[in-house]
Amino acid sequence: MSTPTRTMVLWSPDWPITAASRDLGLDDSLPIALIDKGLVLACSAAARAEGVKRGIRVREAQARCAGLVVLPHRPDVDNRVFEPVITEIERMTPGVQLLRPGSLAIRARGPARYYGGEKPAALALIGVLDDLGVAGARVGIADGPFTAEQAARSTGTARAAVRVVAEGASARFLAPLPLAVFDQPALAVLLQRLGIRDLGAFAALDATDVRERFGEPGARAYALARGLDAQLVAPRVPPRHLEQVVSFEPALDRIDQVSFGVLAIADAFIAGHIAAKLVCTGIRIDIESDSGEVSGRSWLHPRSFTASEVVDRVRWQLQGGAAESGLSSGVTRVTVTPENVDSVGNHEEGLWGSGPDERIHHGLSRVQGMLGHEAVLTAVVGGGRTLGDRATLVAWGDRPPTLTPRPWPGQLPQPAPATVFPTGHPVHVFGADGRAVTVDDRGTLSAAPVEFSAGSGAKLRRVTAWAGPWIIDERWWDAATSRRASRFQMVDDSGQAWLLVLNSGGADGSDWVAEARYD
């Protein structure tokens, strides 16, 4: 194994909190918690002082801290806010490797020579973050990125913000650390069952035994525990600056003037991506006015943007805040930033081209360009308990809503009906005695359904098979919007299957409707 490289790791504690606070303009001293999948992912120092900690549920965190500011965790914000920090560090010293948002690694040799030692170089790194308004940064210096990161995280206070582990002393420094630093929960649990509690005890094992028992991941962790980190610092390639900005002096108060002014940077925006062998599938447009207001919005594209389509998005965004006589405030600056990019090779036409798809796309885009962003809608499956609620319309090019699979007792079995009626068709369902079928509060039927008809005087359809009920009990806490209904699947004598619903308002069986049909 090669000799570990002397490495500096810069770590900013609670970076997700710092990034969210800077993005939303919040005070860092507030008790803040970031939530992911219902659990606390990160919390501020003020929240920890009230007993909030990572891994607990939201309700428990709010019970411990009444004034807790709860925000969703957004990884894109972590990366976006950390980008200026990386840029400033790269101006100070090249060869920066991003470990994760809030943490980066640098080879120590170059900065140490320039600043006259490893600790002065580390203090210079911390000074860069202080100038950017990011307080509390820590630096660890050791043999290899792993040990250097543990050294940075072991610094106790801002006064002791730099910790230097001497060359060859990594194993001794790592020995008392817990197994959790490996970020391999399964390995840590297994080692603890074997009576191994820290990295020192793990490093004392025989290398051959470790490899045979724990495989390659265990052998890698074993080398780290012994301070033999052969991982090299891999400097990142600084991304090209593909954003485009246009300023207007004096401010423009007409949409057509702003759109014409944006045309030049739209061409440069697309040309820059083509030169980098990229296409842009998502952009962010920030429009600043002379009154100091900023309008920012992200736009998506089903394929990739062209220059004219970038101009269209600017115009649509302006129309959202425009009055009949023009804008409420003159526009002074427009910034177009790429948010989602892809390799141009993934968007090349196939061997036989894609003519029909291209014609459809250009036709829809042309209609959208003439009539507005919301003029062309596509149907997607959204969230909701009823079939009507799940039918969602989104503008052409926008991303459909993200659905998180959740267990729902009482949901309809698959497959879903092919035809969903915009409004339910009134029907009547009868039992063997000729009376209307009803359902009580416990879901018990007054009689088995035998026949049903669509409307008064319609021909009766004999029920050959049926299943249900599947109960809906929505918003029971709100009398104005609450709803209770019973859903049934029924097959008539012609073989046609239906989804029939009895709403709770029809206690006499008069509120049956056909919601959908299985085609």
Side-chain angles (χ1 to χ4, degrees), residues 23 74-88 90-91 94 96-98 101 234-248 255 258-288 294-318 331 333-351 353-355 357-366 368-369 373 376 378 394-400:
D23 184 62
R74 295 175 55 194
D76 60 313
V77 173
D78 296 350
N79 286 279
R80 174 162 50 83
V81 179
F82 196 58
E83 184 64 31
V85 176
I86 303 175
T87 302
E88 290 300 319
E90 287 176 332
R91 290 177 181 176
V96 176
Q97 177 186 357
L98 175 65
R236 73 163 192 160
V237 178
R240 299 189 183 188
H241 294 284
L242 297 176
E243 70 175 21
Q244 292 289 332
V245 181
V246 61
S247 300
F248 304 111
I255 294 177
V258 177
S259 301
F260 183 78
V262 170
L263 183 58
I265 68 165
D267 289 329
F269 180 79
I270 299 301
H273 282 77
I274 294 175
K277 298 182 180 180
L278 299 171
V279 295
C280 186
T281 59
I283 62 175
R284 178 176 177 83
I285 298 175
D286 294 292
I287 302 175
E288 302 177 25
V294 178
S295 169
R297 177 171 175 177
S298 297
W299 298 87
L300 300 174
H301 197 282
R303 292 180 177 267
S304 61
F305 280 100
T306 62
S308 61
E309 289 169 336
V310 173
V311 176
D312 283 341
R313 270 58 177 184
V314 174
R315 177 164 55 83
W316 294 340
Q317 189 164 325
L318 289 170
V331 176
R333 182 183 177 95
V334 177
T335 304
V336 182
T337 307
E339 282 198 334
N340 299 324
V341 296
D342 195 7
S343 172
V344 69
N346 296 332
H347 292 257
E348 294 290 342
E349 292 187 0
L351 180 62
S354 53
D357 290 343
E358 287 294 332
R359 287 196 296 269
I360 292 172
H361 167 65
H362 288 306
L364 294 178
S365 297
R366 182 172 177 81
Q368 195 177 41
H373 182 56
V376 180
T378 57
V394 299
W396 174 253
D398 282 2
R399 181 176 296 155

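- Separating the OG1 atom in T337 from the CG atom in D286 is a distance of 6.0 Å, to the nearest 0.5 Å.
- Side-chain atoms of E288 and V294, non-hydrogen and from C-beta on, do get closer than 4.5 Å to each other.
- Within the 4.5 Å cutoff, the side chain of D76 has no heavy atoms near those of the E339 side chain.
- Every side chain to side chain contact (heavy atoms under 4.5 Å, CB included) that P101 has, sequence neighbours left out, goes to W15, D78, N79.
- Between the CD1 atom in I285 and the CD atom in Q244 there is a gap of 13.0 Å [rounded to 0.5 Å].
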Stepwise, does the salt bridge (Lys or Arg N to Asp or Glu O under 4.0 Å) test hold for R91 with E88? CA-CA 5 Å; R91 290 177 181 176; E88 290 300 319; 2.9 Å; yes
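- Note: I274 CD1 to F269 CZ = 11.0 Å, rounded to the nearest 0.5 Å.
- Minimum interatomic distance between Q317 and S295 (heavy atoms only, all atoms of both residues): NE2-O, 3.1 Å.
- Rounding to the nearest 0.5 angstrom, the gap separating the CG atom in L318 from the OG atom in S259 is 6.0 Å.
- Expressed to the nearest 0.5 Å, how far CH2 of W299 lies from CZ of F305 amounts to 8.5 Å.
- With sequence neighbours excluded, the residues that form a side chain to side chain contact (heavy atoms under 4.5 Å, CB included) with D267 are L263, A307.
- Pairing each heavy atom of G261 with each of F248, the nearest pair is CA-CE2, 4.0 Å.
- Pairing each heavy atom of V279 with each of H273, the nearest pair is C-CD2, 4.4 Å.
- Taking the side chain as every heavy atom from C-beta outward, R80 and D23 approach each other to under 4.5 Å.
- With a 4.5 Å cut-off on side-chain heavy atoms, L278 and L242 count as touching.
- Counting only heavy atoms from C-beta outward, the side chains of T306 and I270 never approach each other to under 4.5 Å.
- The shortest heavy-atom contact between R333 and S247 is NH1-OG, 3.7 Å.
- In this structure, CD1 in I283 is found 7.0 Å from CZ in R313, a value given to the nearest 0.5 Å.
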